[in-house]
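Structure, as structure tokens:
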2 protein chains.
Amino acid sequence: MATIKDVAKRAGVGVGTVSRVIAGSGPVSAEAASRVRRAIEELRFRPSHAARVLQKGQSQTIGVFVPLVHGAFYTPILHAIYTTLRAYGRHMVVDFGQTLESERQDALDGAEFLTDRGCDGLIVMGTALKPADIEHIAELQPKFVLLNRCAPHFRAQCFAPDHHAAGAAAARALWEAGHRRFAVIEGPKSSLDNQQRMRGFLGTLAEHGIDPEGVPREQGDFSPESGRTAAQALLARARTFTALFCANDEMAIGALAGVREAGLTVPGDLSVMGYDGIDLTALTVPPLTTVLIPWRQIATCALHHLLNLCYGMSLPVERDIPAQVLWRESVARLS
Amino acid sequence: MATIKDVAKRAGVGVGTVSRVIAGSGPVSAEAASRVRRAIEELRFRPSHAARVLQKGQSQTIGVFVPLVHGAFYTPILHAIYTTLRAYGRHMVVDFGQTLESERQDALDGAEFLTDRGCDGLIVMGTALKPADIEHIAELQPKFVLLNRCAPHFRAQCFAPDHHAAGAAAARALWEAGHRRFAVIEGPKSSLDNQQRMRGFLGTLAEHGIDPEGVPREQGDFSPESGRTAAQALLARARTFTALFCANDEMAIGALAGVREAGLTVPGDLSVMGYDGIDLTALTVPPLTTVLIPWRQIATCALHHLLNLCYGMSLPVERDIPAQVLWRESVARLS
DNA sequence: ATCCTAAGTGGAAACGTTTCCACTCACAGT
DNA sequence: ACTGTGAGTGGAAACGTTTCCACTTAGGAT
């Protein structure tokens, strides 16, 4: 591989001049610049990223930690981040967690990995992180933002929807459609955002005089398959409900399958409501009524904040983008 | 950030000794080793990845190019690669393409990016690559494997299922179930693997005396949404078929929705068959009959080959893992 | 003529590792 | 006593950039 010295020799200039041409920094005569550019072409010179990072201590790269590779939830967010980053000429390196149970350790490892790779800033997703974990990340790389997790000590660096309000909105929508008997499929206990939306949902029902303790509930792990088995378990116990609220869309999609296997139809025999608003919900049978969380926008704002932090930009950052119920066909209007 | 020199000073040894302790390479006295380890702890020393790469010219990292971030197809493959890589103590850096149209350019850019980052080897997915593109990649980084693309000049480095045979198997299965009138939703023209499975499918029908030219076809872009509109277009033209073969599962899922919107039921009025065998097909309504391509295994073999290439390992590499039809409920048995 | 400025330039130093070579011991074999 | 041998060690050189400083030159102001 050709080095900058080879280029300099070939162009008959010093290495400083070559560096200036490449970076477009200092003054260079047109004459020298063109000779350098030619030499770069001829030698197929590519600057060594490692040497650059070593010297500058900057890499123009943002590191992203995502708890899971697979699944329909994270990839659109990743896509939004990636697209924005490209627009500003920066790069992205992603690290993934393995399972939901190992999320905490995975996130810590990921933060280490990404920081070691010279990332100028970090975006960390994951709702199972404990305050100590977040401190740890902050120590590793103070320039970070949290997506879908709120940490009291780092309020400005946290970007998350109001899950409590969104859960409440779901309950209200179902209530107004005439439903009075409910069941829920919740996510893992470790997931703080799941807890919040469940509290919002159940709390609103309580306001209408329904005892949260009396609402049948099953727990899933956010995967479609877990939604299916949870729905079946619920149906096997007792079919005392007309509406089933799921903590995320993927479980709701699984629930659709589970309900069908039980010989029931949606929304004829039972209404199903999802949460998140992933694209696929538009194409299920029947199309899924869900709570649309503006994930792409939230992610973009988080990234903007991080870019401002890392590179002194001043991109717009909006907080509190509201969620809204997306009516489709999986919920019956009883009244 | 503490450097190796700081550690050496604190431990009262030379930098060489510290380096040897960290790498576990040369001989070091137990006494010195423990002093060094202590100093590392105390200073919270983390070796600079950039300096290492610069010096060694190796990074223990494999680069992966994936044409699209979103979508249910690539992520399980990515997951398989990631898991295997972790098992062998290597790292992964991923780069993504933006759209299917820009795949060629994206792949080239991606290969450049990943090579610059010091990846020891590359896994490149994408079926739209032209021979010249592949040459270009080979020049950038000779240690690479192609996933789902066959290049004559790099046969040993190519890992792809036999799409022709798999397409033929789909046709045979449908025929044996008693279907005689067909329609297809194909993928983009630029996708070579789509062409192959379509040739396999249509060719087999031809063997049974059905004129491929007479089979109604619509083109999608592999997305669920495109499957939906394609199905509707097909149905609007003329409903002369009993079985609809889709070039991938995601379009098949969209087709399921499209068929329902047209007021028809699957498999009662129309049978739908997918291709790939993504996990979600088990949970659609109705569960989708599809051609199961062993993507995870193929990806793992490709990675094994690459690891052998890069690090002199001798991991097992199997080629020609067969596809098979996965019967579920979206195809009616007419006979 | 003399000074000052600014454009243009070359090259040494620095970034933080690994590797290699030269050196010192201690100890075993003659 | 004299030589090998090999474990243990320190430190210089190298990896390929960027940055900074010192230097030359040309041109305008005095």
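The model shown is predicted, which means the values in this text are computed figures rather than measured ones. All chains are named by letter (A, B, ...) in the order of the sequence lines, taking the proteins before the strands, and each is independently numbered beginning at 1.
Protein atom NZ of B:Lys9 is 13 Å distant from nucleotide atom P of C:dG16, rounded to whole Å. One atom, CD of B:Gln58, and another, P of C:dT19, lie 10 Å apart when rounded to the nearest Å. Rounding to whole angstrom units, CD of residue B:Glu31 and C1' of D:dA7 are separated by 15 Å. Atom pair A:Asp6:CG and D:dC15:C1' shows a separation of 13 Å (rounding to whole Å applied). As a whole-Å value, the separation of B:Arg46 CZ from C:dT17 C1' is 15 Å. B:Leu54 places its CG atom 17 Å from the P atom of C:dA14, with the value rounded to the nearest Å. Regarding B:Ile4, its CD1 atom lies at a distance of 14 Å from the C1' atom of D:dA12, rounded to whole Å.
The aromatic rings of A:Phe73 and A:Trp295 lie perpendicular to each other, with more than 60° between the two planes, well past the 30° mark. The aromatic rings of B:Tyr88 and B:His304 sit perpendicular, their planes meeting at an angle over 60°, well past the 30° parallel limit.
When distances are taken from the side chain of B:Pro27 to each of D:dT9, C:dT9, D:dG16, the shortest belongs to D:dT9. Comparing D:dA12, C:dT9, D:dT18 against the side chain of A:Gln55 picks out D:dT18 as the nearest. Nearest nucleotide to the side chain of B:Lys5, out of D:dT17, C:dT9, C:dT17: C:dT17. When each of D:dT17, C:dG8, C:dT17 is scored by its nearest atom to the side-chain atoms of A:Ser29, the top-ranked nucleotide is C:dG8. In the set C:dG16, C:dT9, D:dT18, C:dT9 carries the atom at the smallest distance from any side-chain atom of A:Ala32.
Remark: A:Arg37 does not engage A:Glu41 in a salt bridge, criterion side-chain N to carboxylate O under 4.0 Å. Salt bridge annotation for A:Arg46-A:Asp6: absent, with no cationic side-chain nitrogen under 4.0 angstrom from a carboxylate oxygen.
For the atom pair A:Lys9 NZ and A:Thr3 OG1, the distance stands at 8.0 Å (nearest 0.5 Å).
Residue A:Val53 is classed as having no contact, given no heavy-atom separation below 4.0 Å to the nucleic acid. Residue contacts shown for B:Gly118 are absent, as no nucleic acid heavy atom lies under 4.0 Å away.
Comparing B:Ala23 and A:Arg20, the nucleotide of DNA chain C nearest to each residue sits closer to the 5' end for A:Arg20. Between A:Phe45 and B:Ala33, the residue whose closest nucleotide on DNA chain D is further toward the 5' end is B:Ala33. Two residues, B:Val13 and A:Val15, neighbour DNA chain D, and the one matched to the more 5' nucleotide by heavy-atom proximity is B:Val13.
Side-chain N/O atoms of A:Arg52 include none lying less than 4.0 angstrom from OP1 or OP2 on D:dG16. Applying the 4.0 Å criterion to OP1 and OP2 of D:dT19, one finds that A:Lys56 has a side-chain N or O inside that range. The phosphate of C:dT17 has neither OP1 nor OP2 within less than 4.0 Å of any side-chain N or O from B:Ser48. B:Ser19 has a side-chain polar atom (N or O) that falls below the 4.0 Å cut-off from OP1 or OP2 of C:dT18.
A donor-acceptor pair shorter than 3.5 Å can be found between the side chains of A:Arg117 and B:Thr61.
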